[in-house]
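Being a predicted model, the structure only gives us computed values, none of them experimental. What's counted below: heavy atoms across the whole structure, side chains too, no hydrogens, waters or symmetry copies. In what follows, chains are A, B, ... by sequence order, proteins preceding strands, each numbered from 1.
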Amino acid sequence: MQYWLMKSEPDVFSIDDLKKQRQTTWDGVRNYQARNFMMNDMKVGDLVLFYHSNAKPPGIAGLATVSKKAEPDPTQFDKKSEYFDPKATKDKPRWFCVKVKFKDKFKELIPLEEIKSEKALKDMLVVQKGQRLSIQPVKEKDFNHILKMNK
DNA sequence: GCCAACGTTGGC
DNA sequence: GCCAACGTTGGC
């Protein structure tokens, strides 16, 4: 079992939206590295830190679980979708997405600033400068450390 | 709103 | 295959 961090802009889709919906399709990812993580590495049952990006403040808002393994992202075939990709075909889909379901909402968001101030977490990708990857692997020790910060 | 960092595109 | 130009991300 592996651990992940997935970014979402709360204005678009927040932890509360996930809680309400219980499960969501993580579509719209158009970055190969992030796609490869979903396609090759994510397994049902993997735990996910749900991160609010472009938020005030940014930080980790809660937990989710991978609930369905990667399948072709339907939005790539949808001409009306902003994620439509003319180069993708049903025979050769380009983009894949997993489904995740709600697990927990932290009592308080753990701000990025607080994560940065934890020396033990200095290697987490999310605190690295210029790190834009929207799906990141997380080490077990870092995951457990984050859980402890959820007071 | 700014802008650094990064990924992608396309001409050559 | 290089790399300049461009678009996007996301913290601040």
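Residues E9(A) and H52(A) have side chains that never bring a donor and an acceptor to within less than 3.5 angstrom of each other.
At distances below 3.5 Å, at least one donor-acceptor pair connects side-chain atoms of Q76(A) with backbone N or O atoms of R94(A).
Residue K129(A) is the one, among Y32(A) and K129(A), whose nearest nucleotide of DNA chain B lies closer to the 5' end (criterion: closest heavy atom).
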Handout entry: Contact state string [nucleotides 5-12 of chain C, B base, S sugar-phosphate only, - no protein heavy atom under 4.0 Å]
Key = --BBBBBS
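Within the 4.5 Å cutoff, the side chain of L63(A) has no heavy atoms near those of the V48(A) side chain.
Taking the six-membered ring where the residue is Trp, the centroids of Y32(A) and W95(A) are separated by under 6.0 Å.
With sequence neighbours left out, the side-chain contact (heavy atoms from CB on, under 4.5 Å) criterion links Y83(A) to R30(A), T75(A), S81(A).
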